[in-house]
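Everything on this sheet refers to the single structure shown next.
Just so you know, these numbers use all the heavy atoms, side chains as well, and skip hydrogens, waters and symmetry mates. Ligands are counted one by one from 1 in listed order, and the atoms in each one are counted from 1 as well.
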Amino acid sequence: MPETQFMPQTQSQTLAEKIRSRNARVGIVGLGYVGLPLAVEFAKAGFTVTGIDVSAEKVRRVNAGDSYVGDIPSAILAPLVEAGKLRATTDFGVVRELDTVNICVPTPLRKTKDPDMSYIVSACQEIALGFHAGLLVILESTTYPGTTDELVLPMLAKSGLAVGSDFFLCFSPERVDPGNPNYHTANIPKVVGGCTAACTEMGRLFYAQALEHVVPVNGTQVAEMVKLLENTFRMINIGLANEMALMCDRMRINVWEVIDAAATKPFGFMPFYPGPGLGGHCIPIDPFYLSWKTRQAGIEARFIELAGFINGQMPQFVVDKVQSALNEAAKPVKGSRIHVMGVAYKRDIEDMRESPALDVMLLLQRRGAILTYSDPYVPKIRVDGLDLTACPQEAAAAADCTVIVTDHTAFDYPALVARASLIVDTRNALKGVNSAKIVRL
Ligand SMILES: NC(=O)c1ccc[n+]([C@@H]2O[C@H](COP(=O)([O-])OP(=O)(O)OC[C@H]3O[C@@H](n4cnc5c(N)ncnc54)[C@H](O)[C@@H]3O)[C@@H](O)[C@H]2O)c1
């Protein structure tokens, strides 16, 4: 027999074989908008997946096959749970039995706009307790460049195991776009970069089993920076569109028509649109992870700060629009009934995180408006200063002014135009409709 047959397998060979044969036991830490779809994709690809979350309620719902993420119908989740391919737990003890762990926990900002790394740190502390040779760990939470190498690696390397040979560590940015009917976890190209070349290769091999296209890059910092470039690009271009809207407003030019006409250029232009302000867990937050890190390196991220300033003005601009529209009708905001259409941060989803609708509503309330709202995805709003229950869009008929903040496709826009007395449209939802009662951003 050839001598090589008696050589012990390396951790790398053993893990690669488990991944290729889909016998690797996959763990996903954090079962939210990112983690649950990822868990489902790997379960669909034939892996046995264990989701770990600190929320007992989410764990209970996953195990009941009851999805709470819009893009994952329960009809997809439930059969995977029933077949034993996917289960959830609050117990990190399962890490001892896992071969791979993806970390998909939140990365919010502190009030000071500094990164809040507490979720990543807490997840890694728990993972470290069950850490063992042969494990592949991939951080997916959006974060500043350097997090994987400078924060996560030292916590795992305390085990005495060597990265790249005993265990494997990567960063892979999540690019999921909730509510997007064309792109979802499986068909969005997956960028992955590891602490070593062997880590990158293990990460590539892992994702290639369940996702359509994997893009390996050299190192974790490149992968971390990819995500920040993408979201900063978006934030700054939205900032430019919003500044255009402010300028066009002053000059009485229809900004929507300008952007649509510019977008007919077949090269060198990509349309971005103005709106009531930024929302969601990514675009308003991620660029500040980058500016925080670059400040430490002595570089001020000026585009980011400027776009943040302009985007931050938009809720106030919307309220000023409402005020001047009501003034035309000789009504003050104080005591006026104002109906807000759409409060989720974007069209056709239920996510309220950082939604600009909340700022618009709080500002209107502060000026004495009497508020109502409709949103088919958000039955109640309970946040500091707002305690409201959704009503049917017919409530717009009784309002002095209706503000379209989020342009859900479920709204009946022709009926709205027929019944409302005054409409401030912050999304160009009423594109092509000519009526003196419509005021556009
Ligand atoms: N939502 C998006 O569209 C999106 C897109 C791309 C990237 N991201 C990034 O992905 C990450 C996750 O975002 P999300 O939208 O899925 O967040 P989410 O709040 O929907 O889900 C995070 C989950 O992690 C759980 N969790 C918190 N701390 C934990 C811990 N210590 N251990 C185990 N579970 C824990 C929470 O209970 C929650 O279920 C963030 O960094 C975010 O910036 C989000």
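One finds no salt bridge joining E17 and R20 here, because no Lys/Arg side-chain nitrogen approaches an Asp/Glu carboxylate oxygen to under 4.0 Å. A salt bridge is absent between D53 and K58; no separation between the charged side-chain nitrogens and carboxylate oxygens falls under 4.0 Å. With salt bridges taken as basic N to acidic carboxylate O contacts below 4.0 Å, one links R295 and E305. A salt bridge between K293 and E150 is present, with a side-chain N of the basic residue lying under 4.0 Å from a carboxylate O of the acidic one.
For ligand 1 and K227, the ligand atoms under 4.0 Å from any heavy atom of the residue are 6 (C), 7 (C). For ligand 1, the atoms closer than 4.0 angstrom to any heavy atom of V29 are 32 (N), 33 (C). For ligand 1, the atoms sitting less than 4.0 Å from at least one non-hydrogen atom of G32 are 16 (O), 18 (P), 20 (O), 21 (O), 23 (C), 39 (O), numbered in the order shown with element in parentheses. Within ligand 1, the atoms closer than 4.0 Å to a non-hydrogen atom of F92 are 32 (N), 33 (C), numbered from 1 in the order shown. When each atom of ligand 1 is checked for a heavy atom of Y119 under 4.0 Å away, the hits are 27 (C), 28 (N), 31 (N). For ligand 1 and P178, the ligand atoms under 4.0 Å from any heavy atom of the residue are 3 (O). Taking a cut-off of under 4.0 Å to the non-hydrogen atoms of R353, the atoms of ligand 1 that pass are 1 (N), 15 (O), 17 (O), 18 (P), 19 (O), 20 (O). Counting atoms of ligand 1 from 1 in the listed order, those under 4.0 Å from a heavy atom of V176 are 3 (O), 5 (C).
Protein heavy atom at the shortest distance from atom 13 (O) of ligand 1 is H281 CD2, 3.6 Å. Atom 37 (O) of ligand 1 has its closest protein heavy atom at D53 OD1, 2.6 Å.
Scanning S122, P106, G30 for the heavy atom closest to atom 27 (C) of ligand 1 points to P106. Nearest-residue assignment for atom 6 (C) of ligand 1 (options E57, K346, E174; heavy-atom criterion): E174. Summarising the contacts of atom 43 (O) of ligand 1 with T142, V34, T143, the nearest heavy atom is found in T142. When the heavy-atom distances from atom 41 (O) of ligand 1 to L139, T107, I283 are ranked, the shortest goes to T107.
Distances between N or O atoms of S55 and those of ligand 1 include no value under 3.5 Å. Checked by distance only, ligand 1 and K58 come closer than 3.5 Å through their nitrogen or oxygen atoms.
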Requested in this report: Evaluate side chain to side chain contact (heavy atoms under 4.5 Å, CB included) for I381 paired with M361, printing each intermediate quantity in order.
Outcome: CA-CA 11 Å; I381 301 179; M361 291 169 102; 4.0 Å; yes

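N231 approaches C282 most closely through the heavy-atom pair ND2-CB, 3.5 Å.
Among I138, T143, V191, T200, the single residue meeting the side chain to side chain contact (heavy atoms under 4.5 Å, CB included) criterion with F171 is T143.
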